[in-house]
Amino acid sequence: MDPVIVVGAGPVGLALALALTRHDVPVLVLDESSGAYEPRPARTTVLSPDSAAFAGRLLGTSLSGTGTRWTAWRTLRRRQSPRREELGDDAPLHLPQHELVHGLRSALEAGGLARIVTGCRLHALEQDADGVTAYTREPAGPAGPTGPAGSQPGGGAGSRPWRGSHLVGCDGARSTVRKLLDVRFPGRTAVERHAVAALRTELPWPGEAVLYRGPRAEEVLARPLPDKVWRIDWLLPPRGDLVTPEALVARIRDTLTTWCGDIPPYDLLDTGVHTVHHRLARRWRSGRVFLAGDAAHLLGSLGTQELDEGLRDAANLSWKLALARHHGASETLLDSYQAERRRSVGARLRAADQALPLVRAAGAWPAVRRSLLPGAGRGEESLLTDGHLGRGPLGAPPGYAHSPLAPPPTEAAAEVGTLPGEPVEDVAVTAPDGAVARLRERLGGDLLVLLVAPGTGVWDRRHWMGAGLMPRLAAAVAALPVPAELLVTEGYPGAAAHTVLMVRPDGHLVAALTGVDPAELHACAETVRGGGGAAPAGGGAVPGRAGTGENGTAEKGGAQGVGTAGTARTTAGDGHPAGAGDANAVTPASADGVSSATGIRR
């Protein structure tokens, strides 16, 4: 069968491709770049525990060696006592982004199921009843690096076709895939701006993340990295002047003086300006084509992490595409990606937009309130803390309570400490072969069926595997319409003995049942696959070369392909649609939102 085509080789595209190969799905990655990813010390990422665990499963190793888990979160204000919160195993992981990209790319290249093609620019798409055809050209010339120039039916002269079962656009904020689909990308531009510096020095709080808020609404964030490197961010006016090298060096010296009493020795490694935008694509699926990562959403204010959401996109979509490929799936399963992920990211953006006026309020009265009322800033700091630590509406892992994949309530349902659709707790589990692990380590493959059986930890598995509920449960799991792995745990929060939990490959609870009920288990598995049955021809697309518009109507162009010559979606040389400009185009400082400040790097 044809591979899944992934457009874009950033962290989200590589993670999605690698996750698909873990499900034995071949992948073709189209990378417009040369394949080199420039190390930038100021370009870092913060991963919540669920995202770090997902990346770790893909890489087969913990990411802790390449990053730093903060030992504490400290909030400082002038003339006030500092607030300090100890962090444990659920602390965020801060690491250089190039380390993550390098690890994902190396693992993908070593796996054997993926092909990465560099130096090719997507310029047209077609989809039909059987799959998707992507047309690429070499960015600087008429002939692509992977084959001779020629006249292709949909792509024109000098175009190279690539055939796939599905295509996922992970090609960033300026996504060509999104533009070819004619999907709008509304939102807000330059919600926040930060000056960024990476420097090697010693601060008074090794291993701790520090949020400093000054009396005149100054906000500075310091986050540690390995080897005594710190990333420091200064909040800037949203639409202020350009940051000059001299101004940024002055900020560094003033901040170090305030924190340390004098200026300690430091080595300035990298600098930049990070601009945050809030945008959400209207549609994330069009037939056999999907959007993920920055191509589908932009966020990042108040400590929210864009890459966290991109990796959650990859974790959500990968198992669904794999299930559709290997076992057949309904439209409900594939539509659930947009239903779950777009709703979740939209809620995150709404929470940030509602909190911004409180935290970022400007003017005379907010300044007076902060200076006269000692506790006035506590609520603001709590919101910022939640965003940075991955808690609450701004940061907590999402739940999919309203998912189309949620089974209806039944009399067999059991109450546990996790609601259906929410992420499961990372309890210790035992597999039938006796292997002991954490539940999170078993995610990313098949469905999981977890039996709560107190006492099994002290019994020899030869005894409990053939006793009680286990034989009947094992038979029920083997008869499910999709592959599932049976696990046992000593206990689960809020669960009574003999409770059975079904868990999706991305770690969200499908249902909790009282005892072993093969019919209910089978019904839950059918619901997870979207009702069963093979997907209709075209996967929801209108067959033929005409794409569908944002409201589901046929595009103009008749027999023309999506984005082919003669339609409004043919891209110009800069990757934007030819003709009228895109009013919703995003113009961040760079694809990842961090751009170099000219002349600052030393």
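These numbers were taken from a predicted model, which means no experiment stands behind them.
For Ala17 against Val29, the heavy-atom pair with the smallest separation is CB-CG2, 3.8 Å. Nearest heavy-atom pair, Phe185 versus Ala296, reported as atom, atom and distance to 0.1 Å: CE1-O, 3.5 Å. Pairing each heavy atom of Lys320 with each of Ser336, the nearest pair is NZ-OG, 2.9 Å. Counting all heavy atoms, side chain and backbone alike, Ser33 lies closest to Thr118 at O-CB, 3.3 Å. Residues Leu280 and Gly346 approach most closely at CD2-CA, 3.9 Å, considering heavy atoms. Nearest approach of Ala195 to Leu248, heavy atoms of both residues: CB-CD1, 3.8 Å.
Between the side chain of Ser286 and the backbone N or O of Val289 there is no donor-acceptor pair closer than 3.5 Å. The main-chain N or O of Ala173 is found under 3.5 Å from a side-chain atom of Arg178 such that the two form a donor-acceptor pair. The closest donor-acceptor contact from the side chain of Arg288 to the backbone of Gln127 lies at 3.5 Å or more, if one exists at all. Judged by distance alone, with hydrogens and angles left aside, the side-chain atoms of Arg57 form a donor-acceptor pair with the main-chain N or O of Arg440 at under 3.5 Å. Between the side chain of Ser318 and the backbone N or O of Ala314, at least one donor-acceptor pair lies under 3.5 Å. In this structure, the side chain of His23 engages the main chain of Gly444 through a donor-acceptor pair within 3.5 Å. Checking side-chain atoms of Arg282 against main-chain N and O of Arg184 turns up no donor-acceptor pair under 3.5 Å. Between the Gln305 side chain and the Gly303 main chain, a donor and an acceptor come within less than 3.5 Å of each other. A side-chain donor-acceptor contact under 3.5 Å links His277 to the backbone of Ala190. Remark: side-chain polar atoms of Arg283 are paired, donor with acceptor, to backbone N or O of Leu181 under 3.5 angstrom.
Residues Val117 and Asp31 are not in side-chain contact: their nearest non-hydrogen atoms beyond the backbone lie 4.5 Å or more apart. Inter-residue side-chain proximity for Tyr135 and Leu122 is flagged as unmet; no heavy-atom pair is nearer than 4.5 Å. Using a 4.5 Å cut-off on side-chain heavy atoms (C-beta onward), His194 and Leu236 make no contact. Within the 4.5 Å cutoff, no side-chain heavy atoms of Asp335 are placed close to those of Pro404.
No more than 12 heavy atoms of other residues, nucleotides or ligands lie within 6.0 Å of NE2 in His102, so this atom counts as exposed by the packing criterion.
For His508 and Tyr400, the ring centers are positioned less than 6.0 Å apart. Centroid-to-centroid, the aromatic rings of Phe290 and Trp284 stay 6.0 Å apart or farther.
Inspection of the Asp2 and Ser165 side chains reveals no N or O donor paired with an N or O acceptor under 3.5 Å. Arg121 and Thr176 share no side-chain donor-acceptor pair at under 3.5 Å. Donor-acceptor pairing under 3.5 Å is lacking for the side chains of Asp24 and His326. Between Thr136 and Arg160, the side chains place no donor N or O within less than 3.5 Å of an acceptor N or O (distance only, hydrogens not considered).
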> Do Ser403 and Arg343 pass the side-chain hydrogen bond (donor to acceptor under 3.5 Å, both in side chains) test, and can you show the C-alpha distance, the side-chain angles, and the key distance before you say yes or no?
Replying inline: CA-CA 10 Å; Ser403 169; Arg343 180 192 293 266; over 6 Å; no
>> Pair Asp353, Arg188 - check side chain to side chain contact (heavy atoms under 4.5 Å, CB included), show working.
In response: CA-CA 10 Å; Asp353 285 339; Arg188 301 169 57 194; 2.8 Å; yes
>> Let's go through Leu95 and Thr45 carefully: what are the C-alpha distance in whole Å and the side-chain angles of both, what is the deciding distance for side chain to side chain contact (heavy atoms under 4.5 Å, CB included) to 0.1 Å, and is it a yes or a no?
In response: CA-CA 6 Å; Leu95 71 160; Thr45 188; 3.6 Å; yes
> Does the pair Glu309 and Arg341 meet the rule for a salt bridge (Lys or Arg N to Asp or Glu O under 4.0 Å), with working shown?
Replying inline: CA-CA 9 Å; Glu309 299 300 339; Arg341 292 300 304 141; 2.8 Å; yes
> Do Glu126 and Arg163 pass the salt bridge (Lys or Arg N to Asp or Glu O under 4.0 Å) test, and can you show the C-alpha distance, the side-chain angles, and the key distance before you say yes or no?
Replying inline: CA-CA 10 Å; Glu126 292 176 354; Arg163 187 66 175 171; over 6 Å; no
> Are Ile5 and Val168 close enough, and set up right, to give a side chain to side chain contact (heavy atoms under 4.5 Å, CB included), and what steps lead you there?
Replying inline: CA-CA 6 Å; Ile5 300 175; Val168 186; over 6 Å; no
> When you look at Glu340 and Arg312, which way does the salt bridge (Lys or Arg N to Asp or Glu O under 4.0 Å) test go after all the steps?
Replying inline: CA-CA 11 Å; Glu340 293 175 351; Arg312 288 165 181 155; over 6 Å; no
>> Is there a side chain to side chain contact (heavy atoms under 4.5 Å, CB included) between Leu299 and Val191? Walk through the geometry before answering.
In response: CA-CA 9 Å; Leu299 69 161; Val191 175; over 6 Å; no
>> The test is salt bridge (Lys or Arg N to Asp or Glu O under 4.0 Å); show your working for Asp233 and Arg223 and say whether it passes.
In response: CA-CA 9 Å; Asp233 295 53; Arg223 294 171 290 182; 3.3 Å; yes
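The structure places CG of Leu59 at 10.0 Å from CZ of Phe54, a figure rounded to the nearest 0.5 Å. Rounding to the nearest 0.5 angstrom, the gap separating the CG atom in Leu394 from the OG atom in Ser301 is 7.5 Å. Here the straight-line distance linking atom CG of Leu298 with atom CG of Leu349 works out to 9.0 Å at 0.5 Å rounding.
A salt bridge does not link Glu32 with Arg137: none of the charged nitrogens is closer than 4.0 Å to a carboxylate oxygen. The pair Asp313-Arg342 does not count as a salt bridge, with every side-chain nitrogen at least 4.0 angstrom from each carboxylate oxygen.
Test His94, Gln97, His98, Glu99 against Thr44 for side chain to side chain contact (heavy atoms under 4.5 Å, CB included) and you get one pass: His94.
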